[in-house]
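Contents: one structure, followed by commentary.
In what follows, every heavy atom counts, from backbone to side chain, and hydrogens, waters and symmetry copies are set aside. Throughout, a chain's letter reflects where its sequence line sits, starting with A, and its residues are numbered from 1.
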Amino acid sequence: MDTFFEFFSFSDPSIVAVVIGSILLTASSAVVGTFTFLRKKALVGDAVAHAVLPGICLAFILSGTKNPFFLIIGAFVTGWLSLVLIDNITTRSKIKEDSAIAIILSVFFGIGILMLTHIQHSGNASQTGLDSFLFGKAAALVGKDLITFGIVAVILMVTVSLFFKELKLIAFDMNYAKSLGLPVKAIDLLLTTLTVLAVVTGIQAVGVILMAAMLITPAAAARFWTNDVKTMTIIAATMGAISGLIGAYVSYVAPAMPTGPWIVMIISAVALLSFFIAPKRGIISRAVDQRKLQYQIMDENLLKALFHLGEKNDDTYKGRTAEEIIEKRHFPKARLMSSLKRLKREGFLKKKNGLWAFTEAGRIKGQRVVKLHRLWELYLSKYVKIAADHVHEDAETIEHIITPEIEAELERMLEYPEMDPHEERIPY
Amino acid sequence: MRIEAKDPVVEFHDLTVSYHKKPVLWNIDMTLPKGALIGIIGPNGAGKSTLIKAAMGLLPLGSGFVRMFDQPLDKVRDRVSYVPQRESVDWDFPASVMDVVLMGRYAKLGLLSRPRKADKEMALNCLRKVGMEAYVNRQISQLSGGQQQRVFLARALAQEADLYFMDEPFAGVDAATEAAILGIMQEMTAQGKTVIVVHHDLQSAAEFFDWIVLLNMRLVASGPIDKVFNNDLLQETYGGKLTVLAEVGELVKKRQIPSREKY
């Protein structure tokens with residue numbers, strides 16, 4: 001607990017530096033990743049992330065130092081090369097994009113690991129710490145490294161905000177963007193460059209292996225919360241920043257622990273949570289909607305059954321027992337009772353001496369369902385030419401979802417018909 | 001049968017287009033008149049969409065050229081608008097109706113600048129024209145097919161162009177939308193704008209258009225509707241697939257031969 005307060009009081013300037021660095025890196029990857037995600041290029045991000053490793057090793061071998069400037073250039077070159085190769089393989093051979101990505105990813109990463117092993121066995125003293133690029137080490141973000149990576153991260157975010165509307169348009173409708181005469185190729189190139197740069201800067205905190213998660217996961221999680229690209233970018237950046245902050249903390253508490261896996265686990269937990277609890281798009285929210293729909297269908301079927309009971313002897317408002325209703329149409333008893341109670345609570349039914357009867361509102365609702373059912377049957381047999389003995393089942397489901405607009409359209413088209421295909425009166 | 005337009009806005013000259021290296025349009029030669037509502041008609045796979053994509057510079061040309069207002073497209077882009085097929089985009093994209101219509105203003109805005117108040121009002125005007133002003137803030141995934149098509153039309157209107165290429169704007173729309181879109185097109189042509197529409201329904205084509213282009217991998221006919229919309233030419237367009245032409249196209253793709261020899 002002590003370390004917790006020590007860390008989050010931010011009294012130690014080196015902690016502040018690491019925190020700012022981690023947040024900048026993860027947030028900027030998330031911002032760029034939003035567009036990688038919207039362009040549906042998640043796998044490409046993964047390939048680039050792995051392909052920067054040989055570049056980093058090569059830069060180290062050639063320069064003999066861990067100067068971040070050289071490392072960034074090296075990473076940038078091989079990251080770019082991988083994209084060019086994927087593109088060329090896809091357009092010039094029969095190999096499809098997914099296979100091309102898999103090939104390039106493994107070949108580049110394989111070469112990278114070979115080079116890294118070679119460096120580690122070369123006895124070069126300055127190589128220590130190079131392996132932290134595999135899984136990330138936020139605590140190593142100090143001094144000049146921090147400044148270099150931080151500047152790149154800021155450049156990334158500023159560039160995205162400058163070209164925001166073009167990036168959005170190209171992600172939505174590339175052909176239209178071209179037809180407007182926008183420099184689509186150049187902006188595409190820009191996004192690719194940004195992706196490579198985001199990977200390059202992010203690897204210090206997250207590492208090459210898990211970097212793709214940092215690009216894509218925040219965007220995927222943010223998508224659950226909003227229907228607007230700008231808001232989505234901001235949410236993704238915030239989520240990225242939070243995981244970066246916690247990653248930095250872990251790195252501070254346990255310096256031997258690689259940060260990448262922690263950051264990725266945190267952002268994944270955030271994504272998983274969004275997946276469940278987000279309003280509208282989340283699993284729980286959808287399940288609730290489904291449940292509501294089930295209730296609605298049950299209630300409407302019940303009102304319909306009551307209306308049918310009243311049709312025979314023209315005693316619509318007469319009270320009925322639950323057994324009478326079940327005899328008309330089979331409902332499981334428990335569900336029928338809960339539906340009856342719900343409808344009473346909502347004011348569509350009333351209960352007197354143990355008998356259930358329509359209120360005026362309930363009668364209108366039940367009558368509408370019956371009307372929609374019969375209208376739909378008539379429409380199916382008249383316009384869609386389906387045999388009269390096959391239309392009932394269809395109408396059973398459709399009657400619950402017809403909107404007032406479609407209802408009016410059906411009435412107009414069929415000219416307020418009196419009878420359905422089974423010679424039953426359509427009530428208005 | 002080919003009738004030249006008196007007051008041409010678009011000129012196709014010996015246009016050959018390949019799709020994934022397979023030639024799908026051969027030697028298209030025609031001119032299209034100003035202020036007309038023009039329908040491009042033909043069976044599936046006739047190359048209708050390919051023709052307007054090629055005209056908009058979205059596909060590489062095997063040979064020939066397209067000129068608009070007697071200029072190459074790049075010189076007059078601000079006067080030309082393109083409406084892609086509705087299914088060509090992912091409608092689950094996080095954007096509102098307003099966002100999409102504003103995209104029609106991007107060319108006028110240029111890089112690095114944001115939509116101004118005037119652009120938003122212009123977009124709103126266009127939405128009003130297509131009867132969608134009540135949906136400004138609606139998420140696009142919640143629109144019906146007809147509403148999506150209207151939004152695309154509003155986006156094109158926001159460009160304030162003089163020449164419009166539309167890919168299947170009547171596909172999968174309800175009767176009300178069809179009438180609304182047709183009404184807007186007629187209004188546009190009355191103002192001297194030219195509207196070129198890819199269309200697949202023969203019956204409505206007879207009612208909609210002033211000028212018809214019959215296409216089936218090659219140009220069968222182009223001219224005023226009363227001259228070219230007849231049984232013989234329709235028979236030629238729809239009947240008897242050009243099997244040899246299609247087979248040669250496949251061959252060209254397999255052998256990777258460029259459609260024009262280059263030295």
Chain A contacts, top residue of L102(B), V83(B), D90(B) (heavy-atom pairs, under 4.5 Å):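 It is D90(B).
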Quick check on K53(B) against chain A: is it the side chain, the backbone, both or neither that has a heavy atom closer than 4.5 Å?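 For K53(B), the side chain is the part near chain A, not the backbone.
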Counting only heavy atoms closer than 4.5 Å, note whether K40(A) contacts chain B via side chain, backbone, both or neither.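 Side chain only.
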Where does A177(A) contact chain B at under 4.5 Å (heavy atoms): side chain, backbone, both or neither?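 Neither part.
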Take a 6.0 Å sphere around CZ of R286(A) and say whether it holds more than 12 heavy atoms from other residues, nucleotides or ligands.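 No, the 6.0 Å shell around CZ holds no more than 12 heavy atoms from other groups.
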Just wondering, are more than 12 heavy atoms of other shown residues or ligands nearer than 6.0 Å to CZ in F275(A)?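 No.
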Criterion side-chain contact (heavy atoms from CB on, under 4.5 Å) against P94(B), the qualifying member of T226(A), L38(A), D228(A):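 Going through T226(A), L38(A), D228(A) one by one, the side-chain contact (heavy atoms from CB on, under 4.5 Å) with P94(B) is satisfied by L38(A) alone.
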Heavy-atom pair of closest approach, residues [X] and [Y]:
| X | Y | result |
| --- | --- | --- |
| N175(A) | L58(B) | O-CD2, 3.5 Å |
| Y176(A) | Q159(B) | OH-OE1, 2.7 Å |
| S179(A) | R77(B) | O-NH1, 3.2 Å |
| E166(A) | L112(B) | OE2-N, 4.1 Å |
| R223(A) | D92(B) | NH2-O, 2.6 Å |

So how far is it from [X] [atom1] to [Y] [atom2], rounded to the nearest 0.5 Å?
| X | Y | atom1 | atom2 | result |
| --- | --- | --- | --- | --- |
| L111(B) | I187(A) | CG | CD1 | 5.5 Å |
| Y82(B) | K178(A) | OH | NZ | 10.0 Å |
| L180(A) | L109(B) | CG | CG | 10.5 Å |
| D173(A) | R155(B) | CG | CZ | 4.5 Å |

Would you mind reporting whether D99(B) and K168(A) have side-chain heavy atoms less than 4.5 Å apart?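 Heavy-atom side-chain distance check passes, below 4.5 Å.
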Exam field: side chain K165(A) to backbone S113(B), donor-acceptor pair closer than 3.5 Å: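 Yes; at least one donor-acceptor contact below 3.5 Å.
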Using the ring of each side chain (for Trp, its six-membered ring), is F172(A) parallel, tilted or perpendicular to F152(B), with breaks at 30° and 60°?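 Ring orientation of F172(A) relative to F152(B): perpendicular.
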Based on non-hydrogen pairs under 4.5 Å, which of K230(A), R281(A), E409(A) is most in contact with chain B?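 Among the listed options, the one with the most contacts to chain B is R281(A).
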